[in-house]
Amino acid sequence: DVPVEEDDMTGVDIEDDALRPMYSVSPTGWAQKKTVTITYPSGYTNEYSTDGGTSWKSYTGPVTFNTNGTIVARVNDGKNYVSGNSQSVTSIDTSKPTAASFTTTTTSKSITVTASGTDSQSNIVRYRFSSDNGTTWTEAQTSNKYTFNNLTTGTYPIKIRAINGT
């Protein structure tokens, strides 16, 4: 037998990448909430934490986030910690746009509306327009300009909707 000295073990990583939990976050992009599914290796105790490891829960299915945060998953064999890692969950926006306004340019038969809006998190990404005080609306569009054409003489109560990234 050849004795193994302690120095011979320096730099050996006994954690197996195949034992690391894998994450799937849905949906991608901005959303009002997100679901995290964790895939664990079989045959181990699987736990997760959403408070930085202060408390742990047994993983039984997808975890829902209503605010940005981090999830930590760990694997253990019932006695020892085997593997773990973390996943940031971002781009959750539960706030409404904070402001919306518009200007108009008119001709004898048309009104062109230019909208603007602000959102503190996911920004404004689409607009809708109405020329009948909100009874009917255009389809959502990325352009902040819309022209109502072929109008007859009269009053048109214009409204806009600024839609954020969620």
Side-chain angles (χ1 to χ4, degrees), residues 2-102 113-130 134-146 159-166:
V2 176
V4 176
E5 293 183 25
E6 203 169 57
D7 288 349
D8 291 342
M9 298 304 288
T10 303
V12 176
D13 185 2
I14 60 170
E15 192 171 288
D16 186 350
D17 283 344
L19 297 179
R20 289 186 189 275
M22 301 296 293
Y23 298 92
S24 172
V25 181
S26 178
T28 59
W30 285 97
Q32 293 179 344
K33 66 180 179 178
K34 294 199 175 190
T35 301
V36 178
T37 302
I38 308 170
T39 304
Y40 288 93
S42 61
Y44 293 91
T45 301
N46 305 316
E47 299 173 312
Y48 73 94
S49 174
T50 55
D51 61 7
T54 301
S55 62
W56 294 91
K57 298 176 185 173
S58 291
Y59 182 78
T60 58
V63 180
T64 300
F65 278 76
N66 294 310
T67 60
N68 294 331
T70 300
I71 189 165
V72 181
R74 72 179 180 185
V75 177
N76 71 56
D77 63 8
K79 294 180 183 178
N80 298 304
Y81 163 78
V82 176
S83 182
N85 57 10
S86 64
Q87 174 71 45
S88 294
V89 181
T90 60
S91 300
I92 297 175
D93 180 358
T94 57
S95 67
K96 295 180 179 180
T98 55
S101 61
F102 65 89
V113 182
T114 303
S116 65
T118 56
D119 183 87
S120 62
Q121 293 180 320
S122 61
N123 298 319
I124 303 301
V125 297
R126 294 176 310 210
Y127 295 90
R128 294 183 76 186
F129 300 86
S130 173
T135 301
T136 61
W137 292 90
T138 63
E139 291 296 317
Q141 63 183 48
T142 56
S143 174
N144 71 327
K145 287 188 179 191
Y146 186 83
K159 286 193 172 188
I160 65 121
R161 284 184 179 156
I163 304 167
N164 67 12
T166 63

Enquirer: Quick one: does Asn46's side chain get under 4.5 Å of Ile38's, heavy atoms only?
Expert: no

Enquirer: Which residue pairs satisfy the salt bridge (charged side-chain N to carboxylate O under 4.0 Å, His left out) criterion with at least one member in residues 75-102, sequence neighbours excluded?
Expert: none

Enquirer: Which atoms form the tightest heavy-atom contact between Tyr48 and Ser58, and what is the distance?
Expert: CE2-O, 3.8 Å

Enquirer: Compare every heavy atom of Val63 with every heavy atom of Thr50, then report the nearest pair and how far apart it is.
Expert: CG2-CG1, 4.4 Å

Enquirer: Given side-chain contact (heavy atoms from CB on, under 4.5 Å), test Phe65 with Val25 step by step and report yes or no.
Expert: CA-CA 10 Å; Phe65 278 76; Val25 181; over 6 Å; no

Enquirer: Please report the interatomic distance CD1(Ile124) to OG1(Thr142), rounded to the nearest 0.5 Å.
Expert: 13.0 Å

Enquirer: Test side-chain contact (heavy atoms from CB on, under 4.5 Å) on Ser49 and Arg74; report intermediate values, then the result.
Expert: CA-CA 9 Å; Ser49 174; Arg74 72 179 180 185; over 6 Å; no

Enquirer: To the nearest 0.5 Å, how far apart are NZ in Lys145 and OH in Tyr127?
Expert: 12.0 Å

Enquirer: How far does CD1 of Ile163 sit from CZ of Arg126, to the nearest 0.5 angstrom?
Expert: 5.0 Å

Enquirer: As an exercise, state the distance from CG of Asn164 to CD of Gln32, rounded to the nearest 0.5 Å.
Expert: 7.0 Å

Enquirer: Which heavy atom in Pro21 sits nearest to a heavy atom in Gly84, and how many Å separate them?
Expert: CD-CA, 4.1 Å

Enquirer: Check Ile92 against Thr67 and note the closest heavy-atom contact, atom names and distance.
Expert: CD1-O, 3.3 Å

Enquirer: Compute the ring centroids of Tyr59 and Tyr40, then answer whether they are less than 6.0 Å apart.
Expert: yes

Enquirer: Looking only at heavy atoms, what is the nearest atom pair of Tyr23 and Asn85, with distance?
Expert: OH-O, 2.7 Å

Enquirer: Out of curiosity, Thr37 OG1 to Gln87 CD, how far, rounded to the nearest 0.5 Å?
Expert: 11.5 Å

Enquirer: Can you give me the closest heavy-atom contact between Trp30 and Gly165, atom names plus distance?
Expert: CB-O, 3.4 Å

Enquirer: Side chains of Ile160 and Tyr146: does their closest heavy-atom pair fall under 4.5 Å?
Expert: no

Enquirer: Determine, step by step, whether Thr114 and Asn144 satisfy the side-chain contact (heavy atoms from CB on, under 4.5 Å) criterion, reporting the C-alpha distance in whole Å, the side-chain angles of both residues, the deciding distance to 0.1 Å, and the verdict.
Expert: CA-CA 6 Å; Thr114 303; Asn144 71 327; 3.7 Å; yes

Enquirer: Show your working on side-chain contact (heavy atoms from CB on, under 4.5 Å) between Asp119 and Gln121 and close with a plain yes or no.
Expert: CA-CA 6 Å; Asp119 183 87; Gln121 293 180 320; 3.9 Å; yes

Enquirer: What distance separates Asn68 CG from Lys34 NZ, expressed to the nearest 0.5 Å?
Expert: 8.0 Å

Enquirer: Any donor-acceptor pair under 3.5 Å linking the side-chain atoms of Ser26 with those of Thr35?
Expert: no

